[in-house]
Amino acid sequence: MTPEQILARRAWRQMALRDEEYHRLVEMLGRHPNWTELGMFAVLWSEHCAYKHSRLHLGQLPTEAEWVLVGPGENAGVLDVGEEMAVAFRIESHNHPIAVEPYQGAATGVGGIIRDVLAMGARPIALLDSLRFGPPEEPRCRYTFAGVVSGIAGYGNCVGVPTVGGELYFEEPYRHNPLCNVMCIGILPRSRLRRARAAGIGNSVILVGSRTGRDGIHGATFASEELDERSEERRPAVQVGDPFTEKLLIEACLELVERELVVGIQDMGAAGITSSCAETAARAGTGMRIDLDRVPLREEGMTPYEIMLSESQERMLIIAPRGKEEAVLEVCRRWGLEGAVIGEVTGDGHLKVFWRGELVADVPVKALAAGAPVYDAPASPPSDLEQRWRVPSLPEPTDCGEVLKLLLRSPSLAHKSWVWEQYDHMVQVNTVVLPGADAAVLRLKGTRKGIAASCDGNGRYTYLDPYRGAVLAVAEACRNVSCVGARPLGITNCLNFGNPEKPDVMWSFREVVRGMADACRALGVPVTGGNVSFYNESPAGPVYPTPVVGAVGLLERIEERVPSVFPGPGYRIALLGSTRAWLQGSEYLKVMYQLVAGRPPEVDLRLERAVQQVCRAAARRGLLASAHDCAEGGLAVTLAESCFSPEPVGASVKLPPELGNAAGLFGEGPSRVVVSFAPQAESRLRALCVEHGVGLLLLGWTVAEARLQIRCEDRVLVDEDVGGLMAEWQNALPSLMG
Amino acid sequence: MRYMVRVLVKFKAGVADPQGRTILAALHSLGYEGVRDVRAGKLFELVVEGTDEDAVRSRVEEMCGRLLANPVLEDYEVSVLRALAGEGR
Amino acid sequence: MRYMVRVLVKFKAGVADPQGRTILAALHSLGYEGVRDVRAGKLFELVVEGTDEDAVRSRVEEMCGRLLANPVLEDYEVSVLRALAGEGR
Amino acid sequence: MKFGVVVFPGSNCDADCYWVIERVLRQPVRYLWHGDGEIPDVDCVILPGGFSYGDYLRAGAIARFSPIMRAVAQFAANGGLVLGICNGFQILLEAGLLPGAMRPNDSLRFRCCPTWLKVERYDTPFTCAVPRGRTLRIPIAHFEGNYYADPQQLRQLQRERQVVFRYATRDGRVVPEANPNGSLDNIAGIVNRAGNVLGMMPHPERCAEAVLGGEDGRYVFESLIAYWQQKAGDGPR
Ligand SMILES: Nc1ncnc2c1ncn2[C@@H]1O[C@H](COP(=O)(O)OP(=O)(O)O)[C@@H](O)[C@H]1O
Ligand SMILES: [Mg+2]
């Protein structure tokens, strides 16, 4: 299609560019684009790549701290953890792909986030997955759930990166829009930190990994007369993951970095060659000249448009020092990978693309990579917001033991081993705290340190109050990390929302970012990166606004880690922190009354911070025998889970009168941790609490007989066999999944 | 009657097939240079009850669309191989 | 000449086939009660150069014996589907 | 005792084995590259876990043709010690160095979890240092660990006492409930007739340090060292 035809047919509209966006790019280009150029702009200016609706607001997030080596803007955030070591991490969504092909959609999502971390020069050492599906009673939702889990397993296990944690919720709004967010953590010696920069005029641009095919050439930028139905058919909408090639890519890239053959390195995600070339050149303030005839292709007859926009997986772009090309290609060959020098870095600030000797695209990289407009879309609260806060008055439960069992087998609270047993969570021999605890803990080989990580984000809270929900999510992720004794060093976030052009969605987005920013500031934790996924919406409506927070923390000494279950009988049990709990937005309301209602609590961030400090200080001093965040399902569920160690332990607990009701047992709220400790540690723990202005409410004792007894004054609220409770909790997912 | 039905499921043309490519490379390194391409897929053999071949075929095609293949990624091919003697009713 | 060759690999009779069993159960739960048995296997489609069909077939059978099937567990079936026009030499 | 750990394309427990041998057992160790046709001066070759060639055809099916495997077969024929763990076991089966084959787990799901192993023989180089009667707690992590042998092979395994590890309960009972993958006779590990080649699905290298929650895996490596030292003491070297 010629520029005239593009103009005549307003072809940009089919590529999801607005008229004013087209005019903007014409102005930046100083002429009308040709077909290939238009395609390149359309992808790089898509919401997915350009953050048009979110960028303005994301600026509020605090991104700095002394230990932040790389903040947002690169492929992953990087934190200094001392001893010349650094940790890279990032989270990303793959929501739309899993809706059509759960297995491959999830698998390619894992591959993508691993390459982001690899692009920092880091060895990927752990994955976490945050998943949301519709009601598991629905066969289609189970199919999606099972497919996603086995896709993550199929990819992560094969590349040899352990999946050490994650989260899983089932809620109605995810029925047509399931969410799959995957976080990857990598480690690197500080000296090997690499940037995605095409620096050094004359340096070579090398494409490494899989061949380029017609995969994923953009839904958004798709369609035209030239790309008729036939070519549409040729173009697969879903991609197939190739973890074997990814594993080779990891080894080859790390070897290239180690041997100083890498000036810059960038993964190839959305918009493949176009985005990786434009972004690396833009970051370095350079240009690039590339020759498409040198790109190894999987299929015959591909056009420049297709080659430039292909999203074929398992490819990396390497900027190598001039003269070292052969050394780079030699490493690739040794690892059985194809590599090809496809171009060079130039000084003119343009991305020039040649094909069969002709210049087929010539675009200023700044315009491509940073020229997209930024929108401040209208925002207004949903009209029914206050209605959502209304909770009818409800009777107190008559049999709290039964309620406890119901909650324990609620799929969102039940034991998740059906999921994580499918993941290799031990490969690389670093996993010190396995999945199932508040946070996973990995040792850092060669040091005494450990890395803790957790993913959290309760979409129900955010739906009911986006600001508070976001604060709760940050607080919980950091609390989980603190519970194992680690200091939260940074978070990454994945913001999953509906259509941002709808004012209520935009409003909730803004509220979430505001909440996240406030919480991070108060807790002293920077945000080093993340991902925004809009348009998670079907005719039935949007997903719950779902911010997923991935926190990474540092344990100075791995021996100081705290388990999340009671170690045995004879320990004191106490509730550390707040004693307040609310039924608003709780799992209890959902399970008992199918109610998603009530305004979730406001977090007292000063108290939250202090509670987390006490957890860590107590861990460092060896005062805690266990610590478990008191989250969904409330105190009763947390106590029960604390009893569920491989050798079940009993607990005998007496609640103060104000907690002897449904809210006390099953209510939820921040800043609370169920701890156990040896009796002789009590005075020192209490002193710590006093020092930080944090409460410590003694609840009872762990006991040898494996029963959970919760009493209040002269009433026995719960008296259940721990084995029986554990069976409910453990069997829930397996029996649903057959 | 019972019929033996064969279902072949393959990736659509244009979809990357890492398995096929890896097998191709292995065959080459074993000296089978004459192999130019390998595509990997799945085979299912079903024994299905039905009144006649056509009914059975269309039922199995429905199963393919719902369970045995994912139409966004895969094509399928159903063939009724034969009626199973002595096992019908 | 180039030939399109189809290879089917199945578990030997008597070897339990967990995948087939699982699919059978899934089909039943979708209401396809008439399905009596499912066996799962693998499909490979190869493009192979050779002078004639027989030579190609026997070469591919050799590949099956060495690589594509595991003789402890699996049987295979090779069929040369067709010569590929216009691509030979 | 000198160890060699083979690196196939797609191996992913190679570095873990290396780590344990070097840092925990403090023995000399080197990597052996799949493309090399010779085995240098080592006393034991380890075929590590992972997904050689992505397990794209069948686990181990492609790796068995690597040049190094010819050398491993020779090394084994000369009495060298070979330990195949998980994918390494699968490769040994495909290469015919051990009898039988692996099917996908009967659950059709990958499974990563601890298992208890009953040690059926203490007179092998791989188990001679295991305390008698101790059930070992060693994790598995695989999709294709459902061991199969045809009836004749199975009879031979029994006759020659080639089964070394069986999945069991904690107290050593070999019962169906303890079988994590459908494996025939709860088989978790077998040796060849000569007793110098062992394949096992569980990963001893994942539980050789207390910080990782258990040390039972050390017994396998320590057995090798004890056996080797004994042999070195016995005869001329
Ligand atoms: N999708 C998943 N993948 C891996 N592990 C998971 C997944 N979902 C939950 N887990 C693990 O199960 C445990 C309980 O999860 P969750 O109920 O979200 O804990 P918490 O309330 O403490 O955040 C955690 O250790 C978590 O890492
Ligand atoms: Mg959580």
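Just so you know, these numbers use all the heavy atoms, side chains as well, and skip hydrogens, waters and symmetry mates.
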Mark yes when over 12 heavy atoms from residues, nucleotides or ligands other than A:E559 sit less than 6.0 Å from its CD; otherwise mark no.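 Yes, CD of A:E559 has more than 12 neighbouring heavy atoms, counting only those of other groups under 6.0 Å.
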
Per-residue contact mode, A:S150 against chain D (heavy atom under 4.5 angstrom):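 For A:S150, no heavy atom lies under 4.5 Å from chain D.
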
Which atoms of A:R334 are under 4.5 Å from chain D, going by heavy atoms: the side chain, the backbone, both sets, or neither?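 Both backbone and side chain of A:R334 come within 4.5 Å of chain D.
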
Do you know which two heavy atoms are closest between [X] and [Y], and how far apart they sit?
X	Y	result
D:V211	A:R443	CG1-NH1, 3.8 Å
D:F110	A:Y423	CE2-C, 4.4 Å
D:D16	A:V427	OD2-C, 3.8 Å
D:R109	A:G738	NH1-O, 4.1 Å
D:G10	A:K247	CA-CG, 4.0 Å
A:N157	D:F51	O-CE1, 3.2 Å

Euclidean distance, [Y] [atom2] relative to [X] [atom1], rounded to 0.5 Å:
X	Y	atom1	atom2	result
D:C113	A:H425	SG	NE2	8.0 Å
A:M737	D:S107	CE	OG	12.5 Å
D:C86	A:D424	SG	CG	8.5 Å

Given side chains that start at C-beta, do those of A:D242 and D:Y56 come closer than 4.5 Å, heavy atoms only?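 Yes, their side chains come closer than 4.5 Å.
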
Return yes if some donor-acceptor pair links the side-chain N/O of D:N12 with the main-chain N/O of A:V161 below 3.5 Å, else return no.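 Judged by distance alone, no pair lies under 3.5 Å.
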
Over 60° means perpendicular and under 30° means parallel, so tell me whether D:Y53 and A:F244 are parallel, tilted or perpendicular.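 Plane angle between 30° and 60°, so tilted.
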
Closer than 4.0 angstrom, basic N to acidic O: yes or no for A:K445 and D:E22?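 No.
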
Examine whether an atom of D:P9 lies under 4.5 Å from a heavy atom of chain A, and if so say whether it belongs to the side chain, the backbone or both; otherwise answer neither.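 Both parts, backbone and side chain.
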
